[in-house]
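Within every chain, numbering begins at 1; the chains are lettered A, B, ... in the order of the sequence lines, protein sequences first and strands thereafter. Remember, predicted model here, so these are calculated numbers, not experimental data.
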2 protein chains.
Amino acid sequence: MADSDPKLADTWARLSGLFSSRRDALFEQLAELGLNPPHGVALMSLLHAGPTRMGDMAETMVCDASYITAVADRLEELGLVERRSSPDDRRAKQLALTAKGEKVARRLDAVVTEPPPAMTALSKADRDALARIARKLGEPDTSRWMPPRSLR
Amino acid sequence: MADSDPKLADTWARLSGLFSSRRDALFEQLAELGLNPPHGVALMSLLHAGPTRMGDMAETMVCDASYITAVADRLEELGLVERRSSPDDRRAKQLALTAKGEKVARRLDAVVTEPPPAMTALSKADRDALARIARKLGEPDTSRWMPPRSLR
DNA sequence: TATTGTTATACTCTATAACTATA
DNA sequence: TATAGTTATAGAGTATAACAATA
């Protein structure tokens, strides 16, 4: 097979760079907060899904339930989430954002979901053209929030 | 400040999804090969930079020199790289791709650098428009190859 | 004495298995 | 007996410090 269009490769490299830098920004903010990526995923998931049972969180994050204990311990230690025992099932516990945790979660979420400055700076015509093309490139993430695998 | 353009956020979500899925594909291929991301970064770096002293590789990969020993051990064990003692400095060793390693490195590199299928499938007009806009969005990765931080 | 790579060791991340409280 | 979360433990990934060979 012939090599693909070099101009397209350049386009892809530029778009990839944009994404990489947002990702870097996210990880940097997490590090400043003393958090690792799973901590961030948990916070953002709670922001989108509301209080969540620990077992369900393990499913969302595609990790073992025992690790959720560790993640919750750390987030609780920082005052970002709290454990609530479920009223209906006294075995289960729900994780819920504190007020402080919600602020942090919103900030992290913005880094991921807000378009990067270079995109917002585009002319209206360019943004429209880009939107039209992007619709041909794929679907956005599912309606129910799920951590992009790239954050795991 | 007002919320940013929701249409632009949708555009960004779609582009991000594209990137995430390529990243997933890379990690999947690495896992199939019994490699982890640093192994992949080392291979791709060697592909772009040629034989490299272990200390320089540690600098490229932004990790400790002792970890390069472990990475090299694994890659050597799989027959993907070989250690060569430097002719000029008998303390130093160079890492170099074997023929097999070069094939693997090319395959991994393609996953990262080749535009995703959805992009290649665009019409010429769309690709040109996208290229024009992408040039306003940022520079591609530096000329001398460096692992995107998102791969670390 | 300074530098290159290796080894010994320790710390973080994450999973598996055993445990407890409840259902 | 089965399920939810926790604890104990183990394995990967990665760093720091001590070391051997060479400069």
Side-chain angles (χ1 to χ4, degrees), chain A residues 26-28 30-43 45-46 49 51-78 80-96 147 149-152, chain B residues 26-28 30-43 45-46 49 51-78 80-96 147 149-152:
Chain A
L26 174 67
F27 287 2
E28 205 172 296
L30 285 171
E32 278 168 21
L33 292 160
L35 300 174
N36 66 20
H39 296 137
V41 170
L43 289 175
S45 173
L46 289 172
T52 304
R53 283 165 56 137
M54 296 182 69
D56 292 344
M57 182 62 82
E59 207 171 309
T60 297
M61 291 179 54
V62 192
C63 72
D64 191 83
S66 68
Y67 184 50
I68 297 296
T69 298
V71 169
D73 284 349
R74 174 65 178 153
L75 293 175
E76 210 171 32
E77 176 189 347
L78 293 175
L80 301 175
V81 308
E82 61 183 18
R83 282 172 164 96
R84 299 176 186 162
S85 36
S86 289
D88 48 315
D89 184 339
R90 290 194 0 241
R91 288 172 304 181
K93 290 175 192 164
Q94 292 199 303
L95 255 32
R149 293 204 78 231
S150 53
L151 294 186
R152 303 194 315 238
Chain B
L26 174 67
F27 286 4
E28 207 172 293
L30 285 171
E32 279 168 22
L33 292 160
L35 300 175
N36 64 20
H39 296 138
V41 170
L43 289 175
S45 173
L46 289 172
T52 304
R53 285 166 56 140
M54 296 182 69
D56 293 345
M57 182 61 82
E59 207 171 310
T60 298
M61 291 179 55
V62 192
C63 72
D64 192 83
S66 68
Y67 183 51
I68 297 297
T69 297
V71 169
D73 284 349
R74 175 64 178 152
L75 294 175
E76 210 171 30
E77 176 189 347
L78 294 175
L80 301 175
V81 308
E82 60 182 18
R83 284 169 161 96
R84 299 178 185 161
S85 37
S86 290
D88 48 316
D89 184 340
R90 292 199 352 244
R91 289 173 304 182
K93 290 175 192 163
Q94 292 199 303
L95 255 32
R149 292 203 79 232
S150 51
L151 295 185
R152 302 193 316 237

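Look at CD on A/Glu59: it is 14 Å from P on D/dT3, rounded to the nearest Å. The distance from atom CD1 of A/Ile68 to atom C1' of C/dT16 is 15 Å, rounded to the nearest whole Å. Distance A/Phe27 CZ to C/dC13 P: 13 Å, rounded to the nearest Å. If you measure from atom CG of A/Asp64 to atom P of D/dT9, you get 17 Å, rounded to the nearest angstrom.
Looking only at side-chain heavy atoms (C-beta outward), A/Arg83 and A/Thr69 come within less than 4.5 Å of each other. Contact annotation: the side chain of B/Leu80 approaches that of B/Leu35 to within less than 4.5 Å [non-hydrogen atoms, C-beta and beyond].
A/Arg83 comes within contact range of the sugar-phosphate backbone alone, with a heavy-atom separation under 4.0 Å but no base atom that close.
Taking the side chain of B/Arg53 as heavy atoms from C-beta on, and the options C/dT16, D/dA4, C/dG5, the nearest nucleotide is C/dG5. Here the nucleotide nearest the side chain of A/Tyr67, chosen from D/dG5, D/dG13, C/dC13, is C/dC13. When each of D/dT14, C/dA23, C/dT16 is scored by its nearest atom to the side-chain atoms of A/Ser66, the top-ranked nucleotide is C/dT16. Candidate nucleotides D/dT22, D/dT6, C/dT6 were compared by shortest atom distance to the side chain of B/Lys93, and C/dT6 ranks first.
In this model, the phosphate group of C/dT20 is not approached by any side-chain N or O of A/Arg91 to a distance below 4.0 Å at OP1 or OP2. Taking only side-chain nitrogens and oxygens, A/Arg90 never comes nearer than 4.0 Å to OP1 or OP2 of C/dA21.
Looking at B/Ser45, its side chain never comes within 3.5 Å of a backbone N or O of B/Val41 through a donor-acceptor pair. Under the 3.5 Å distance criterion, the side-chain polar atoms of A/Arg74 are matched with a main-chain donor or acceptor of A/Gly34.
Residue order along DNA chain C, read from the 5' end via each residue's closest nucleotide, puts A/Cys63 first among A/Cys63 and A/Asp89.
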